Amino acid sequence: MKKYSSLTEIQGKLADKQLTLQELLAYYFDQIEKQKHLNAFNEVFFNSARNQAETIQAKLNNGSAGKLAGMVIGIKDNICYQDHIVTASSKMLENFVSPYSSTVVKRLLAEDAIIIGRLNCDEFAMGGSNETSYFGTVKNAADEERVAGGSSGGSAVAVQADMCLAALGTDTGGSVRQPAAFCGSIGFKPTYGRISRYGVIAYASSFDQVGTLTSSVSDAALLLEVLAGADENDSTVSSIPVPSYTKSALATSSTKKRLAVLKETITSEALDPETKDAILNAIEKFKADGHEVVEVSFDLLDYLVPTYYILTTAEASSNLSRYDGVHYGYRDTQAQSLNQLYKSSRAEGFGEEVKRRIMLGTFVLSAGYYDAYYQKAQKVRRLIREKAVALLQDCDVLLSPVAPTPAFKIGENVQDPLVMYMADIYTVLASLAGIPAVALPLGNNKEGLPLSIQLMAKHFDEETLLSLSHSFLEKA
Ligand code: GLN
């Protein structure tokens, strides 16, 4: 069987009876088995996926299947699926079975997607290389000595290495877009509040957003259409009606867009030269397609990473306080007092990076430092958001790199948190501003490593991103 690049293709084969869901699932199981060493899956849901395949095949036979019938999808291991383990790749939740399903999982199941397993990620989604996972690093299939990116590294490699058709990730500061960029797939992060976070293990609640990793824009559009929209269990989800993204994305729109390149992101010395060339070529292609491309200045670039790390660590320190050895997961059974139980359960249950962030976040929220750090960062976030909104009043889309370099070597940056944090410089803008963004593949560099470009749009203007991405990749 060859690699399927979209659900449309699979549904065509299913309709023509050239393929059954059981055969399709067996193919993906086989792919997973053959590529186990990449460490993309924390668990394969053999039983529930097989049962689903049987039920949905029967629905296909009698014409009652949902619109995701034929989609075999992996979910990042921080998304709850009832009666399945969910760990956030942490020792803290190693054996934790979710008593309920997240809204995104319910919506996938309601449309007959098959959930094939849970995917490795950085611990509690904190990281940019999938090296902080308690279950080990994920390897990039383009070069196994290199990282997959993070934090949704397993999601990216599962799609890259054809172990499932699509994957869900979460993106707090780039965790869908950057691994997609490192692994050559399409990473889509919607507007904050477009998709429910109910049942998604929280990292930084005012940033967290579910996103998709796919090989086609049409699958990204379809998944968004299914997942987006109001949810009574998450009051931060917008009630703005959900457009038919599949129609708008696939329409070959003749409307020409105005794109603005964030100048400082391209002229930076830190940007890898081959990435830069690929982005400049992409810009020429947008121009050749009749779009207008201008340059704009983003003078707050230096504030993005500090603001992001002050606010997200603050939110994380609060969110992760629930893992106390009593309510959830890991417990030190030797502890002699309640205080000792809290201390040792957390000391033993969390990894280094998570502890670092809890300490940073606790510090910026503590009396005496709250005004100087947390409150100030809140104000800077407002400025960043206003600047992004202002720029997007004069254009439809902002362009920038996704990451300063292609996938780096495993172990190369892990000892230096600052180097790691600085690599998030281009993705955190959309997260701080809450705007939608997509990472699009631009082919490979000389060493065969994927390159990519980022497009960002106005709040709730996912349609522009999807239609532009579709026409751009179609003409690749
Ligand atoms: N690399 C960023 C961080 O470590 C982004 C993570 C994410 O989006 N979950 O916070």
Side-chain angles (χ1 to χ4, degrees), residues 75-79 88-90 119-133 137-138 147-156 167-183 187-190 192 195 197 200-213 304-317 319-320 350-361 364 377 381 401-405 407-408 412-414 416-439 454 456:
I75 57 175
K76 185 175 179 178
D77 194 5
N78 61 353
I79 299 176
S89 287
S90 180
L119 297 157
N120 202 343
C121 58
D122 279 299
E123 185 180 3
F124 283 99
M126 297 176 191
S129 62
N130 220 126
E131 292 170 289
T132 73
S133 168
T137 303
V138 178
V147 300
S151 62
S152 316
S155 303
L168 293 190
T170 58
D171 191 312
T172 302
S175 275
V176 161
R177 292 163 282 157
Q178 184 256 30
F182 281 9
C183 298
F188 197 92
K189 180 200 92 78
Y192 179 80
I195 296 181
R197 289 179 293 109
V200 177
I201 294 178
Y203 159 17
S205 307
S206 77
F207 293 77
D208 297 343
Q209 194 53 202
V210 171
T212 56
L213 295 100
L304 294 174
V305 171
T307 308
Y308 171 82
Y309 275 95
I310 288 172
L311 295 177
T312 54
T313 55
E315 292 187 27
S317 73
N319 273 327
L320 272 62
F350 289 135
E352 287 305 304
E353 183 59 26
V354 172
K355 285 187 212 167
R356 178 182 292 122
R357 294 195 191 200
I358 291 173
M359 286 191 278
L360 278 172
V364 299
R381 182 180 194 181
V402 180
T405 64
F408 42 87
E412 190 178 327
N413 293 339
V414 79
D416 191 340
L418 274 186
V419 173
M420 208 63 124
Y421 297 172
M422 282 311 293
D424 297 333
I425 186 157
Y426 302 130
T427 46
V428 294
L429 167 58
S431 310
L432 285 157
I435 54 177
V438 62
Q454 177 173 222
M456 295 168 262

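Computed from a predicted model, the values in this text were never measured in an experiment. Both ligands and their constituent atoms are indexed starting at 1 by order of listing.
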For [X], atoms of ligand 1 separated by under 4.0 Å from a heavy atom:
X: Ala125; answer: 6 (C), 7 (C), 9 (N)
X: Gly173; answer: 5 (C), 7 (C), 8 (O)
X: Tyr203; answer: 3 (C), 9 (N), 10 (O)

Give me the nearest non-hydrogen protein atom to [atom] as residue plus atom name, then the distance to 0.1 Å.
atom: atom 5 (C) of ligand 1; result: Tyr308 OH, 3.4 Å
atom: atom 7 (C) of ligand 1; result: Ser175 OG, 2.4 Å
atom: atom 2 (C) of ligand 1; result: Asp424 OD2, 3.2 Å

Take every heavy atom of [X], measure it against each atom of ligand 1, and state whether any distance is under 4.0 Å.
X: Tyr421; result: no
X: Arg357; result: yes
X: Thr312; result: no

What pair of heavy atoms forms the shortest contact from Ala167 to Leu119, and how long is it? CB-CD1, 3.8 Å

Contacts of Asp77 meeting salt bridge (Lys or Arg N to Asp or Glu O under 4.0 Å) (sequence neighbours excluded), chain-then-number -> Arg118

List in chain and number order the residues that pass salt bridge (Lys or Arg N to Asp or Glu O under 4.0 Å) with Glu353, two or more places apart in sequence or in another chain; answer none if no residue qualifies. Arg356, Arg357

[X] side chain vs [Y] backbone, donor-acceptor pair below 3.5 Å:
X: Ser90; Y: Gly351; value: no
X: Gln454; Y: Tyr426; value: yes
X: Ser317; Y: Ile358; value: no

Which part of Thr172 is near ligand 1, with near meaning a heavy atom under 4.0 Å away: side chain, backbone, both or neither? both

Quick one: does ligand 1 sit under 4.0 Å from the side chain of Tyr309, the backbone, both or neither, non-hydrogen atoms only? side chain

Cation-aromatic face contact Arg381/Phe207, 6.0 Å, 45 degrees: yes

Flag Asp171 as yes when one of its N or O atoms lies below 3.5 Å from any N or O atom of ligand 1, and as no otherwise. no

Look at the rings of Tyr309 and Tyr421 and say which category their plane angle falls in: under 30° parallel, 30 to 60° tilted, over 60° perpendicular. parallel

